[in-house]
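Values below: every heavy atom of this structure, side chains too, minus hydrogens, waters and symmetry copies. By convention here, the first residue in the shown sequence is residue 1.
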Amino acid sequence: MDTEHTGAESAALDAYSRVVTGVAAGLLPSVAALSVRTPRGAGAGSAVTFTDDGFLLTNAHVVAGANAGTASFADGTETRFDVVGADVLSDLAVVRAHNLGAPAAPLGDAENLRIGQLVVAVGNPMGLAGSVTAGVVSGLGRSLPARDGRRVRIIDNVIQTDAALNPGNSGGALADSGGTVVGINTAVAGYGLGLAVPINRTTRQIIGELVGTGRVRRAWLGVAGVPVPLPPPLAERLHQKLGLRVVEVVPGSPAGTAGIYLGDILITAGGEPVQTVQALQRLMLGPAIGKNLPITVLRKNALVDVVSVPEELR
């Protein structure tokens with residue numbers, strides 16, 4: 001037996017174990033098992049404390065139809081909680097515990113994740129409190145459709161991981177090796193496949209609105225588009241490969257009023273490149289309502305600047 005090779009493997013395993021146990025020790029006190037009861041019956045999931053004054057982050061589908069419930073922590077503490085607000089279109093919800101005490105877990109930034117990176121999932125699958133699994137980031141930039149009545153929105157940049165997730169993990173923490181929460185586990189798409197809503201600039205805005213007002217206001221532009229390649233000379237000059245070709249403009253909408261026409265190609269909005277529908281959706285949150293939104297479009301091989309004022313989506 002190659003003892004040197006075996007020793008190296010043991011050292012690597014020990015390093016891996018130290019990372020996972022360190023993350024688990026740091027996060028387990030912050031993660032709760034949620035129990036709710038609605039007219040449809042009992043439900044369960046997980047949540048992670050993210051403020052020192054008792055706010056917890058979970059999935060909207062975990063608390064759907066509930067106004068309150070019970071949170072149980074790994075140390076045996078139980079407390080009632082109230083649902084502060086939920087946003088079905090991002091599958092995020094905020095609840096607040098009656099009795100404070102659980103430490104806040106640090107929120108990170110999923111934009112810094114890399115495929116193959118170690119991640120640790122902490123939650124309460126199958127009612128088993130304080131469960132920890134580990135794996136790697138299997139994919140980034142995945143999309144997950146979310147529906148609220150007739151409205152459908154794509155949750156973009158969803159994290160795919162092979163860390164084992166089971167029913168009850170929804171709403172729990174997905175953390176990087178430093179112990180910062182980079183995602184909220186939201187779905188088990190199949191055996192050995194898990195998905196998590198990322199913590200990033202967009203979801204931080206959503207979380208802030210849920211804490212502040214209990215709901216998420218969204219802006220409406222009234223335009224639909226599909227990604228198309230930009231002409232090579234323009235793409236090279238702008239360092240942008242794609243734009244969004246306008247295939248529908250709602251009459252009387254903010255886009256129509258601003259002078260955006262069928263066939264225009266959206267290049268930027270609010271100074272941000274618009275290469276996908278999701279990129280435009282990210283701009284359509286509460287702060288955009290009623291504010292001037294400068295838009296640059298490509299029209300008949302010329303760049304044209306217009307200004308739109310998004311309205312609140314009703």
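When side chains are defined from C-beta on, V31 does not count as touching F73, because their heavy atoms never get closer than 4.5 Å. Side-chain atoms of V246 and L266, non-hydrogen and from C-beta on, do get closer than 4.5 Å to each other. In this structure, E78 and T70 have side chains that are in contact, with non-hydrogen atoms separated by less than 4.5 Å. Residues F55 and I207 fail the side-chain proximity criterion, which asks for heavy atoms closer than 4.5 Å. P254 places a side-chain heavy atom less than 4.5 Å from the side chain of W220.
Under a 4.0 Å N-O distance rule, the pair E311/R217 does not qualify as a salt bridge.
Here the straight-line distance linking atom CG of L313 with atom CE of M284 works out to 10.5 Å at 0.5 Å rounding. Taking CZ of R215 as the reference point, atom CG of L210 lies at 11.0 Å (rounded to 0.5 Å). Note that CG of L57 is 10.0 Å distant from OG1 of T49, once rounded to the nearest 0.5 Å. The distance from the OG1 atom of T51 to the CG atom of L56 is 7.5 Å, given to the nearest 0.5 Å. With rounding to the nearest 0.5 Å, the separation of CG in N185 from CG in N169 is 6.0 Å. A distance of 8.5 Å separates CZ of R245 from CG of L298, quoted to the nearest 0.5 Å.
Although no hydrogens or angles enter the test, the distance criterion places no donor-acceptor pair under 3.5 Å between the side chain of S170 and the main chain of G45. Within the 3.5 Å criterion, the main-chain N or O of S46 finds a donor-acceptor partner in the side chain of T58. At least one donor-acceptor pair under 3.5 Å links the side chain of D176 to the backbone N or O of G178. Side chain of D14 to main chain of S17: no donor-acceptor pair is present (N/O by atom type, distance under 3.5 Å, no hydrogens or angles). Proximity of a side-chain donor or acceptor of T38 to a complementary backbone N or O of G41 within less than 3.5 Å is detected. Panel note: side chain Q275, backbone L242; a donor-acceptor pair is recorded below 3.5 Å. Of the possible donor and acceptor atoms, one in the side chain of T203 sits under 3.5 Å from a partner among the backbone N and O of P198. Between the T133 side chain and the A163 main chain, no donor and acceptor come within less than 3.5 Å of each other.
With sequence neighbours left out, R299 forms a salt bridge (Lys or Arg N to Asp or Glu O under 4.0 Å) with D264. Listed by chain and number, the residues in a side chain to side chain donor-acceptor pair (under 3.5 Å) with T276 amount to none (sequence neighbours excluded). The side chain to side chain donor-acceptor pair (under 3.5 Å) test applied to R37 returns no partner, not counting sequence neighbours. Remark: T77 pairs with D75 by the side chain to side chain donor-acceptor pair (under 3.5 Å) rule, at least two apart or across chains. Residues satisfying the side-chain contact (heavy atoms from CB on, under 4.5 Å) test with V83, not counting sequence neighbours, are V63, F81, V95. Scored by the side-chain contact (heavy atoms from CB on, under 4.5 Å) test, P103 finds P29, S30 as partners (sequence neighbours excluded). Here P287 pairs with Q205, E209, L285 under the side-chain contact (heavy atoms from CB on, under 4.5 Å) rule; sequence neighbours left out. Listed by chain and residue number, S90, R218 satisfy the side chain to side chain donor-acceptor pair (under 3.5 Å) test with D87 (two or more places apart in sequence, or in another chain). Under the salt bridge (Lys or Arg N to Asp or Glu O under 4.0 Å) criterion, E272 pairs with no residue at all, not counting sequence neighbours. Contacts of A255 classified as side-chain contact (heavy atoms from CB on, under 4.5 Å), with partners at least two apart in sequence or in another chain: L221, V223, V249, S253, I260.
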- Task: Give the C-alpha distance, both sets of side-chain angles, the deciding distance and a yes or no for side-chain contact (heavy atoms from CB on, under 4.5 Å) between V19 and L118.
- Result: CA-CA 9 Å; V19 170; L118 172 65; 3.4 Å; yes
- Verify side-chain contact (heavy atoms from CB on, under 4.5 Å) between D109 and I199, making sure each step is shown before the conclusion. CA-CA 6 Å; D109 187 354; I199 300 296; over 6 Å; no
- List the steps, then state whether side-chain contact (heavy atoms from CB on, under 4.5 Å) holds for V297 with I265. CA-CA 5 Å; V297 304; I265 299 176; over 6 Å; no
- Could you walk me through whether R282 and V277 pass the side-chain contact (heavy atoms from CB on, under 4.5 Å) check? CA-CA 9 Å; R282 282 197 294 269; V277 174; over 6 Å; no
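In this structure, V48 and A105 approach most closely via the heavy-atom pair CG2-CB, 3.8 Å. Of all heavy-atom pairs between V20 and A134, the closest is CG2-CB, 3.9 Å. Residue A68 comes nearest to V36 through the heavy atom pair O-CG1, 3.9 Å, listed as atom of the first residue, atom of the second, then distance.
L230 is connected to V228 through a chain of hydrophobic side-chain contacts under 4.5 Å among Ile, Leu, Val, Met, Phe, Trp and Tyr, so both are in one cluster. Criterion: ILVMFWY side-chain heavy atoms under 4.5 Å apart, direct or through other members. Under it, I289 and L89 are not part of a common hydrophobic cluster. No single ILVMFWY cluster, assembled from side-chain heavy atoms under 4.5 Å apart, contains both I267 and L280. A chain of hydrophobic side-chain contacts below 4.5 Å, direct or via other Ile, Leu, Val, Met, Phe, Trp or Tyr residues, connects V84 to L92. At a threshold of 4.5 Å between side-chain heavy atoms, the hydrophobic network of Ile, Leu, Val, Met, Phe, Trp and Tyr places V304 and L234 in two separate groups.
Heavy atoms of other residues, nucleotides or ligands lying less than 6.0 angstrom from CG of D82 number more than 12. Within a 6.0 Å radius of CD in Q117, other residues, nucleotides and ligands contribute more than 12 heavy atoms.
When only modelled atom types and interatomic distance are considered, T186 and D91 share a side-chain donor-acceptor pair under 3.5 Å.
The stretch residues 42-68 participates, sequence neighbours left out, in these salt bridge (charged side-chain N to carboxylate O under 4.0 Å, His left out) pairs: D53-R96.
Alongside I115, the hydrophobic cluster contains L113, V119, V137, L140, I159, L174, V182 (criterion: ILVMFWY side chains under 4.5 Å).
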